[in-house]
Engineer: 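What follows is a structure written as structure tokens; I'll ask about it next.
Heavy atoms only: backbone and side chains are in, while hydrogens, waters and symmetry mates are out. Computed from a predicted model, the values in this text were never measured in an experiment. Numbers for residues simply follow the sequence, beginning at 1.
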Amino acid sequence: MIQQKKEVSSNYLSKKEKIMLLDLLRNGRVFNTDIARKLKISSQAAGRMRRDLEKDGKIKGYSIKLNHDYLGIRTFVLALFNIEASNENKVMPSNLVGLYKVIANSITHIGLYAFKSLAEADQYFNSLIEHKDKIKVIEVCIFPIEGVIKHCPRNLFHNAIQEFDGKGICRSAEFPAMKSNWKHLHENEKEIIKQLIKQSNISCKRISSKLNKSISRSGVNRIKSKLENCGIIKRYNILLDYEKLGINVLAFIFVSPEPEVFKMHEELVRQCNKSKYIIGCYRFNEEVALFCGFKNLNELENYSNHIREDYNNLFKIKHIHIVSPRGVIKESFNDLYYALLEN
């Protein structure tokens, strides 16, 4: 009798893989030797496990978060478009940090942009007028950097990984706070940051090699540590695949808060940071946009009902725009970081 091979789900994770991913979510630069020590396996075995996760697409890459204040990023824009797919490239300058294709809606795309100033943002969106027949700007929501209450999918990823075990949210340590009295970056510092933007888990030895050994491995490590300690480098991130972790629905939920909500700003920040669904929270004028991720539509419906029923006196849902994980066209600050470092 032929034994039928057991089918393994694409989003299945072994216990050791979960531990590895959770460690990488805490610090995207954690090395195989550190993970191997925790798992009580060889560093070669840890390396094979990581390569398998990368090959399978669960790990999409490694990124870095820089200090936006230091880079001069002060203005954000959430823009709602109606455009044809063939014209997507016309709304994708280096300032674009996120572009999402909306499912079955008069709003076809939502873009998140970051600029140095309001004038720079105005200049870009005024430039789209020449494409007005092909690109319709439905709404432009402008807010300062202080309006970015949250912009990070780590809680969502943590819970997608840990739900197999029924555990809660895993907290992550932050790098030291930014110090004042900044000086301009030296060329060596810029070059090291550029290498870390390309691949944040690159070794100091490899960076030295790529810079033709103009800086020694120990010199690279000293500069990297300095950039971390003074807060220019805020975090090393890992990029995971929404769909392969069982996150099948993304949604922009636009809510209109009552005035008293803004008096409880710290509580709003706390609730957003601990939420297992909220990837991004953006406050503009007297409205808030929540960018969230869910396993399925039922979970989205339960969450929206939770807002309507439990927070009815604080929030009113205005619109919900649904995005498939495959509708994530861009989600990265890298192009903007490069552009700013070249200036």
Engineer: For the atom pair CG (Leu13) and CG (Leu53), what is the distance rounded to the nearest 0.5 Å?
Structural biologist: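 Interatomic distance, Leu13 CG to Leu53 CG, rounded to 0.5 Å: 7.0 Å.
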
Engineer: Can you confirm whether or not the ring centre of Tyr236 sits under 6.0 Å from the ring centre of Tyr62?
Structural biologist: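 They do not qualify: ring centres at least 6.0 Å apart.
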
Engineer: In Å and rounded to the nearest 0.5 Å, what is the OG to NZ distance from Ser332 to Lys60?
Structural biologist: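 Between Ser332 OG and Lys60 NZ, I get 10.0 Å after rounding to 0.5 Å.
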
Engineer: Quick check: do Phe81 and Leu128 have side-chain heavy atoms less than 4.5 Å from each other?
Structural biologist: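 Of all side-chain heavy-atom pairs linking Leu128 with Phe81, at least one is under 4.5 Å.
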
Engineer: Are Arg37 and Asp34 ion-paired here, with the side-chain N under 4.0 Å from a carboxylate O?
Structural biologist: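 Salt bridge: yes.
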
Engineer: Less than 4.5 Å apart, side chain to side chain, heavy atoms only: is that true for Lys101 and Glu88?
Structural biologist: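 Sidechains of Glu88 and Lys101: in contact.
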
Engineer: Do the side chains of Ile197 and Leu211 join up, straight or via other hydrophobic residues, at under 4.5 Å, putting them in one cluster?
Structural biologist: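 Same cluster.
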
Engineer: Could you grab the distance from atom CD1 of Ile107 to atom CD1 of Ile322, nearest 0.5 Å is fine?
Structural biologist: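 It comes to 14.0 Å.
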
Engineer: Would you call the rings of Tyr242 and Phe157 parallel, tilted or perpendicular if under 30° counts as parallel and over 60° as perpendicular?
Structural biologist: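 Answer is tilted, since the angle falls between 30° and 60°.
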
Engineer: How many angstroms lie between OG in Ser200 and CG in Leu239, if you round to the nearest 0.5 Å?
Structural biologist: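 Taking OG in Ser200 and CG in Leu239, the distance rounds to 7.5 Å.
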
Engineer: Take Asp52 and Lys55, measure what salt bridge (charged side-chain N to carboxylate O under 4.0 Å, His left out) needs, and give me the verdict at the end.
Structural biologist: CA-CA 5 Å; Asp52 286 343; Lys55 186 177 179 181; over 6 Å; no

Engineer: Is Glu243 salt-bridged to Arg326, cutoff N-O under 4.0 Å?
Structural biologist: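 Here Glu243 pairs with Arg326 in a salt bridge, since their nearest N and O are under 4.0 Å apart.
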
Engineer: Cluster question for you: counting only ILVMFWY and a side-chain heavy-atom cut-off of under 4.5 Å, with indirect links fine, are Phe125 and Ile110 together?
Structural biologist: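 Phe125 does not cluster with Ile110.
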
Engineer: Do Asp335 and Lys330 sit within salt-bridge range, that is, some charged N less than 4.0 Å from a carboxylate O?
Structural biologist: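 Salt bridge: yes.
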
Engineer: Using the ring centroid of each side chain, check whether Tyr113 and Phe76 are separated by less than 6.0 Å.
Structural biologist: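 No.
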
Engineer: Phe333: which residues meet the ring-ring contact (aromatic ring centres under 6.0 Å, His included) condition with it, sequence neighbours left out?
Structural biologist: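 Checked Phe333 against ring-ring contact (aromatic ring centres under 6.0 Å, His included); matches are His68, His151, Tyr337.
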
Engineer: Side-chain heavy atoms nearer than 4.5 Å, only ILVMFWY residues, links allowed to pass through others: does that put Val97 and Ile142 together?
Structural biologist: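 No, because Val97 and Ile142 fall into different hydrophobic clusters, even though each may have its own neighbours under 4.5 Å.
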
Engineer: Going by the rule salt bridge (Lys or Arg N to Asp or Glu O under 4.0 Å), which residues pair with Arg29 if we only count those two or more places apart in sequence or in a different chain?
Structural biologist: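 Applying salt bridge (Lys or Arg N to Asp or Glu O under 4.0 Å) to Arg29 gives none.
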
Engineer: Is there a donor-acceptor contact under 3.5 Å linking the side chains of Gln271 and Asn273?
Structural biologist: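 No donor-acceptor contact under 3.5 Å links the two side chains.
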
Engineer: Closest heavy-atom contact between Asn155 and Lys150?
Structural biologist: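 Scanning both residues completely, I find the closest heavy atoms to be ND2-NZ, 3.7 Å.
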
Engineer: Taking only Lys NZ, Arg NE, NH1 and NH2, and the carboxylate oxygens of Asp or Glu, determine whether Arg283 and Glu287 approach each other closer than 4.0 Å.
Structural biologist: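 So Arg283 does not pair with Glu287 through a salt bridge.
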
Engineer: Under a 4.0 Å threshold between the charged nitrogen and the carboxylate oxygen, would Glu191 count as salt-bridged to Lys194?
Structural biologist: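 A salt bridge is present here (some side-chain N lies under 4.0 Å from a carboxylate O).
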
Engineer: Hydrophobic clustering (ILVMFWY, side-chain heavy atoms < 4.5 Å, transitive) - are Val140 and Ile145 grouped together?
Structural biologist: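 Each belongs to a different hydrophobic cluster.
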
Engineer: Check whether any side-chain heavy atom of Val91 sits under 4.5 Å from a side-chain heavy atom of His109, and report yes or no.
Structural biologist: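 Counting from C-beta outward, Val91 and His109 never come under 4.5 Å.
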
Engineer: Answer yes or no: is there a side-chain heavy-atom contact under 4.5 Å between Lys134 and Ile83?
Structural biologist: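 No, their side chains stay 4.5 Å or more apart.
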
Engineer: How long is the straight-line distance from CG of Asn67 back to CG of Leu227, given to the nearest 0.5 Å?
Structural biologist: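 Nearest 0.5 Å value for the CG-CG distance: 11.5 Å.
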
Engineer: Using a distance-only test with no angle check, is there a side-chain donor-acceptor pair under 3.5 angstrom linking Tyr100 and Glu331?
Structural biologist: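 Judged by distance alone, the side chains do pair up.
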
Engineer: About how many Å separate CD of Glu286 and OG of Ser256, when rounded to the nearest 0.5 Å?
Structural biologist: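 Going from the OG atom of Ser256 to the CD atom of Glu286 covers 8.5 Å.
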
Engineer: Would you say that Leu341 contacts Leu185 through its side chain, given a criterion of any heavy-atom pair below 4.5 Å between the two side chains?
Structural biologist: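 Of all side-chain heavy-atom pairs linking Leu185 with Leu341, at least one is under 4.5 Å.
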
Engineer: Measure the shortest side-chain to side-chain distance between Pro144 and Thr75 over non-hydrogen atoms and say whether it is less than 4.5 angstrom.
Structural biologist: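 No; the side chains remain at least 4.5 Å from each other.
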
Engineer: Taking side-chain contact (heavy atoms from CB on, under 4.5 Å) as the criterion, tell me which of Val148, Asn95, Leu99, Leu78 meets it with Leu112.
Structural biologist: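 In the set Val148, Asn95, Leu99, Leu78, the residue that makes a side-chain contact (heavy atoms from CB on, under 4.5 Å) with Leu112 is Leu78.
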
Engineer: Of the non-hydrogen atoms in Val77 and Ala121, which two are nearest, and what is the gap between them?
Structural biologist: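 Closest heavy-atom pair between Val77 and Ala121: CG2-CB, 4.0 Å.
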
Engineer: Do the charged groups of Glu189 and Lys226 touch, with an N to O distance under 4.0 Å?
Structural biologist: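 Looking at Glu189 and Lys226, the cut-off is met.
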
Engineer: Is there a chain of hydrophobic side chains (I, L, V, M, F, W, Y, each step under 4.5 Å between heavy atoms) that links Ile59 to Leu22?
Structural biologist: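 Hydrophobic grouping puts Ile59 with Leu22.
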
Engineer: Do the non-hydrogen side-chain atoms of Tyr303 and Ile253 ever get within less than 4.5 Å of each other?
Structural biologist: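 Tyr303 vs Ile253: side chains touch.
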
Engineer: Check whether any side-chain heavy atom of Arg50 sits under 4.5 Å from a side-chain heavy atom of Ile35, and report yes or no.
Structural biologist: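 Yes; the side chains approach each other to less than 4.5 Å.
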
